[in-house]
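Because the structure is a prediction, the values reported are computed rather than measured.
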Amino acid sequence: MANLLENQLFNAAKTIEQQLDQQLDRLDNLDSDDLKVLREQRLREMKELNSKKQEWIRNGHGTYSELADEKEFFEMSKKSPNIVCHFYRDSTERCRIVDMHLKILATKHVEAKFCKVNAEKTPFLTQRLRIKVIPTIALVKDSKTKDFIVGFTDLGNCDDFSTEMLEWRIAHSGVIEYKGDLMQPPDVKRKPYINRAQKTIRGGYDSDDSDIDLDD
């Protein structure tokens, strides 16, 4: 069994090495025209990305803001393909913790709109998305709700989780660009991540002891 594993690792490493050698050979064989084409392609990609960033900023990306009502939420979903929306209540202390982290992430991830809505002032939207626990973060992509972060259960079930932990959890929905390891939580080095999104959406939200149920 050990020899089989060693052979598999060796073959995998050999394949990667061959692929790298092929890429290096291809780069070595590029002439000036090829390099010019690559530079022009890279410039086009950079210009397109810069244009997207400017459009995102015009649509309110880069800042964490509050939406006044349901109408503003639906208008935002038409303009922004990626939305991170925090459903909060003024009396809930944990919502202020979420606010602190989302303000930081909003400036880092301009590809998504970070916002919050008062769940008590938006009953139609809250009921439509079946928000039952506060705080809940709705993760919306292309006008479709992809996932929910309900309470702090997926964040280590503690109040002192890091911004990186929330960033990692949001990244599972695909609404932000993430360069880290999605299989490894930054705050819990040995605890495997279990995605409960499907069960949560279909079966209703489970509240941990410190989250607030809207039915209270």
Supply the atom-to-atom distance [X] [atom1] to [Y] [atom2], rounded to the nearest 0.5 angstrom.
X	Y	atom1	atom2	answer
Leu102	Ile104	CG	CD1	9.5 Å
Leu125	Lys121	CG	NZ	15.0 Å
Leu105	Met100	CG	CE	10.5 Å
Glu164	Tyr178	CD	OH	8.5 Å
Cys85	Leu67	SG	CG	5.5 Å
Lys144	Lys146	NZ	NZ	7.5 Å

Q: Go through the steps for Ile149 and Ile170 under the test side-chain contact (heavy atoms from CB on, under 4.5 Å), then give the verdict.
A: CA-CA 8 Å; Ile149 303 175; Ile170 292 172; 3.8 Å; yes
Q | N-O pairing of Asp147 and Lys141 below 4.0 Å | A |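 No, no charged N to carboxylate O under 4.0 Å.
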Shared hydrophobic cluster, [X] / [Y] (ILVMFWY, side-chain heavy atoms < 4.5 Å):
X	Y	value
Val84	Tyr88	no
Ile57	Val175	no
Val150	Val140	yes

Compare every heavy atom of [Y] with every heavy atom of [X], then report the nearest pair and how far apart it is.
X	Y	result
Ile83	Cys115	CG2-SG, 3.9 Å
Leu182	Ala171	CD2-CB, 3.7 Å
Leu166	Phe161	CB-CE1, 4.0 Å
Asp154	Arg169	OD2-NE, 3.1 Å
Ala138	Leu129	CB-CD1, 4.5 Å
Ser80	His61	OG-NE2, 2.7 Å

Q. Which is it for His109 and Phe114 under the side-chain contact (heavy atoms from CB on, under 4.5 Å) test, yes or no, and what are the steps along the way?
A. CA-CA 9 Å; His109 292 282; Phe114 286 75; 4.0 Å; yes
(Q) Listing request: all salt bridge (charged side-chain N to carboxylate O under 4.0 Å, His left out) pairs with a residue in residues 106-118, at least two apart in sequence or in separate chains. (A)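 Passing the test, one end in residues 106-118: Asp99-Lys116, Lys108-Glu167.
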Q. For residues 71-88, which residue pairs qualify under salt bridge (charged side-chain N to carboxylate O under 4.0 Å, His left out), counting only residues two or more places apart or in two chains?
A.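 For residues 71-88, and leaving out neighbouring residues, there are no salt bridge (charged side-chain N to carboxylate O under 4.0 Å, His left out) pairs at all.
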Looking at [X] and [Y], would you say the former's side chain and the latter's main chain have a donor-acceptor pair under 3.5 Å?
X	Y	result
Thr92	Cys95	no
Asp181	Met183	yes
Arg128	Pro123	no
Trp168	Thr163	no

**Q.** Test log, rule side-chain contact (heavy atoms from CB on, under 4.5 Å), inputs Thr107 and Thr63
**A.** CA-CA 6 Å; Thr107 60; Thr63 60; over 6 Å; no
**Q.** Chi angles and distances behind the side-chain contact (heavy atoms from CB on, under 4.5 Å) call for Phe87, Ile137
**A.** CA-CA 6 Å; Phe87 285 79; Ile137 301 174; over 6 Å; no
Q | Beyond-backbone contact of Glu66 with Val117, side-chain heavy atoms, under 4.5 angstrom | A |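 No. Closest side-chain heavy atoms not under 4.5 Å.
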Q: Measure the acute angle between the ring planes of His86 and Tyr64, then classify it against the limits of 30° and 60° as parallel, tilted or perpendicular.
A: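 Plane angle under 30°, so parallel.
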